[in-house]
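Convention: sequence-line order gives letters A, B, ...; per-chain numbering from 1. As the structure is a computational prediction, the values presented were derived from the model and not from experiment.
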2 protein chains.
Amino acid sequence: MSHLDTPTESPDAVPRSLLRIQEVAAALGLTARTIRYYEELGLLTPAARSSGDYRLYDDDDVERLRFIKGLRDEAGFSLTEISQMLEDEAARARNRDRFRATSDAAERRAIIDDALARVDRQVASLRAKADRLAAMIDDAEGRRGHLLGHLAELDAGREPTPHEHPRRSGAPAAPRTRSPR
Amino acid sequence: MSHLDTPTESPDAVPRSLLRIQEVAAALGLTARTIRYYEELGLLTPAARSSGDYRLYDDDDVERLRFIKGLRDEAGFSLTEISQMLEDEAARARNRDRFRATSDAAERRAIIDDALARVDRQVASLRAKADRLAAMIDDAEGRRGHLLGHLAELDAGREPTPHEHPRRSGAPAAPRTRSPR
DNA sequence: ACTAACCTTTACGTAAACGGAAAGGTCGGG
DNA sequence: CCCGACCTTTCCGTTTACGTAAAGGTTAGT
């Protein structure tokens, strides 16, 4: 229909490759609205604004957005959780600065203890999710193996060997109860 | 304030241990409303209804609810995704029956191929999430180790050794960009 | 200077996942 | 048979995570 309105690259090294919202959105598979919403939630702030108040994003912004999208899509975190993680990350940076600004051992210990507690909390939360997923995965792979076994039997043209189901452990595989439908 | 109205256990083995909605909710850390909502979505159907239309849940129901809650809380799946998984599970059961009902090799192969495709799809989706999480976890543990190192230094009463940060790989650790606040 | 294609803010709409109250029926101990 | 505690359905309210116009300003190519 129309050519993409990529900001014509002036050869002089301007701030270097600042993208407008729609370009970023297209590149990441998001919408402009979504990006503005994330900004509204405090998840990021564009690197700059044009004289006409256009939002301008740099590579770090794009990276940050990609990170957010990953957490949301693949890992299934809520934007609130993601916000906490980013805030935690910021807190870490601040702590690092505070740490380097003092040489009082007690103070330093306090800072580290605090940081350690935060990290432990995070790891525990992540591990809970990961364990669930791991259990589900090898449950699924168990079924996969079972199916492959049947295929092999068919290929061998044998009688189907009625064999034991290896009763998985871990997360309770989807309990069979009467469900509607 | 008042005693729990646990249905007084008649010693005669009645259907055995059917729970009312509030009892199930309390046992699982859910609310009655939530359970009714899940039913509305087709995620489960109570084992029975009393003559006065009270919902009555058996152990399988409770198990199924625990499973759902796990997927929602720990793994962070949406109810829609959970619904799909349960539906997939039901489809597996049906396939198993169809499989056992025929002895035509071609038909059997078709059934298995279908089931295999489904499982593969599932595994891929789960793995994506798991990988993301794994990356985040060892990123966090990397930071944890770093902190422990600092603690050890403090314990040894030494000068803080300014050392290299092991620049983790994997999921892009929370990109540092100016965020508001 | 014109204009298409972008952008801005503001604001209302929506699906998901429940919360909570209303109006009325049910259960079981006293 | 009475009553308090529980249940039913119905329905409206809320938060999250955006979609979708509306009304107007900005950018750049011609």
Side-chain angles (χ1 to χ4, degrees), chain A residues 1-11 14-15 18-57 61 65 68-73 75-84, chain B residues 1-11 14 18-57 61 65 68-69 71-73 75-84:
Chain A
M1 300 298 176
S2 65
H3 67 285
L4 277 195
D5 198 358
T6 310
T8 323
E9 202 158 327
S10 39
V14 208
L18 289 178
L19 302 177
R20 308 208 288 219
I21 197 166
Q22 181 52 56
E23 298 169 323
V24 175
L28 294 179
L30 296 172
T31 67
R33 176 63 169 95
T34 296
I35 297 179
R36 288 197 203 97
Y37 180 59
Y38 290 175
E39 179 179 346
E40 196 181 322
L41 291 186
L43 299 183
L44 61 349
T45 311
R49 290 279 192 144
S50 77
S51 56
D53 238 23
Y54 277 29
R55 270 167 257 255
L56 298 174
Y57 301 90
D61 292 331
L65 275 170
I68 294 171
K69 181 186 154 77
L71 289 179
R72 191 202 59 176
D73 289 359
F77 286 100
S78 74
L79 294 183
T80 313
E81 290 172 309
I82 295 175
S83 177
Q84 302 248 6
Chain B
M1 298 306 170
S2 65
H3 68 284
L4 278 197
D5 197 358
T6 309
T8 324
E9 200 157 328
S10 39
V14 207
L18 289 179
L19 301 177
R20 306 207 288 221
I21 197 166
Q22 182 52 55
E23 299 170 322
V24 175
L28 294 179
L30 296 173
T31 67
R33 177 64 169 93
T34 297
I35 297 179
R36 289 197 203 95
Y37 180 59
Y38 289 174
E39 179 178 347
E40 196 181 322
L41 291 186
L43 299 183
L44 63 344
T45 311
R49 290 280 190 144
S50 78
S51 55
D53 238 22
Y54 278 29
R55 269 167 259 256
L56 298 173
Y57 301 89
D61 291 331
L65 274 170
I68 294 171
K69 180 186 153 75
L71 288 179
R72 191 203 58 175
D73 289 0
F77 287 100
S78 75
L79 294 182
T80 314
E81 289 172 311
I82 295 175
S83 178
Q84 301 248 5

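Between A:E23 atom CD and D:dA28 atom P there is a gap of 10 Å when expressed in whole angstrom units. The interatomic distance linking A:L28 (CG) with D:dC18 (P) rounds to 13 Å, in whole Å. Atom pair B:E40:CD and C:dA16:C1' shows a separation of 12 Å (rounding to whole Å applied). Rounded to an integer number of Å, the gap from B:L41 CG to C:dA16 P is 9 Å. Rounded to whole Å, the distance from CG on A:L56 to C1' on D:dT27 is 11 Å. Atom pair B:Q84:CD and C:dA16:P shows a separation of 12 Å (rounding to whole Å applied). Between A:E81 atom CD and D:dT15 atom P there is a gap of 18 Å when expressed in whole angstrom units.
For the side chain to side chain contact (heavy atoms under 4.5 Å, CB included) with B:I35, the qualifying choice from B:L30, B:D61, B:L28, B:I68 is B:L30, the only one to do so.
Side-chain proximity of B:D53 to C:dC6, D:dT8, C:dC18: nearest is D:dT8. Checking D:dC18, D:dC7, C:dG19 against the side-chain heavy atoms of B:I21 singles out D:dC7 as nearest.
At a cut-off of 3.5 angstrom, counting only N and O atoms as typed in the model, there is no donor on one side facing an acceptor on the other between the side-chain of B:Y37 and the base of C:dG19. Within 3.5 Å, a donor on the side chain of A:R33 pairs with an acceptor on the base of D:dT20, or the reverse. At a cut-off of 3.5 angstrom, the base of C:dC27 holds no donor-acceptor pair with the side chain of B:Y54.
In terms of position on DNA chain C, the residue among B:G52 and B:F77 whose nearest nucleotide sits closer to the 5' end is B:F77.
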- request: In sequence, state the C-alpha distance, the side-chain angles, and the governing distance for A:R33 and A:E39, and then conclude on salt bridge (Lys or Arg N to Asp or Glu O under 4.0 Å).
  value: CA-CA 10 Å; A:R33 176 63 169 95; A:E39 179 179 346; over 6 Å; no
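Within the structure, a side-chain polar atom (N or O) of A:S51 is placed less than 4.0 Å from OP1 or OP2 of D:dT27. A:S50 has no side-chain polar atom (N or O) that falls below the 4.0 Å cut-off from OP1 or OP2 of C:dC7. Listed pair A:R72 / D:dC18 meets the phosphate criterion, a side-chain N or O lying under 4.0 Å from OP1 or OP2. Proximity of A:S78 to the phosphate of D:dT16: no side-chain N or O atom is located under 4.0 Å from OP1 or OP2.
Atom CG of B:L71 sits about 6.5 Å away from atom CZ of B:F77, to the nearest 0.5 Å.
In this structure, A:K69 and A:Y38 have side chains that are not in contact, with every pair of non-hydrogen atoms separated by 4.5 Å or more.
A donor-acceptor pair shorter than 3.5 Å cannot be found between the side chains of A:T80 and A:S83.
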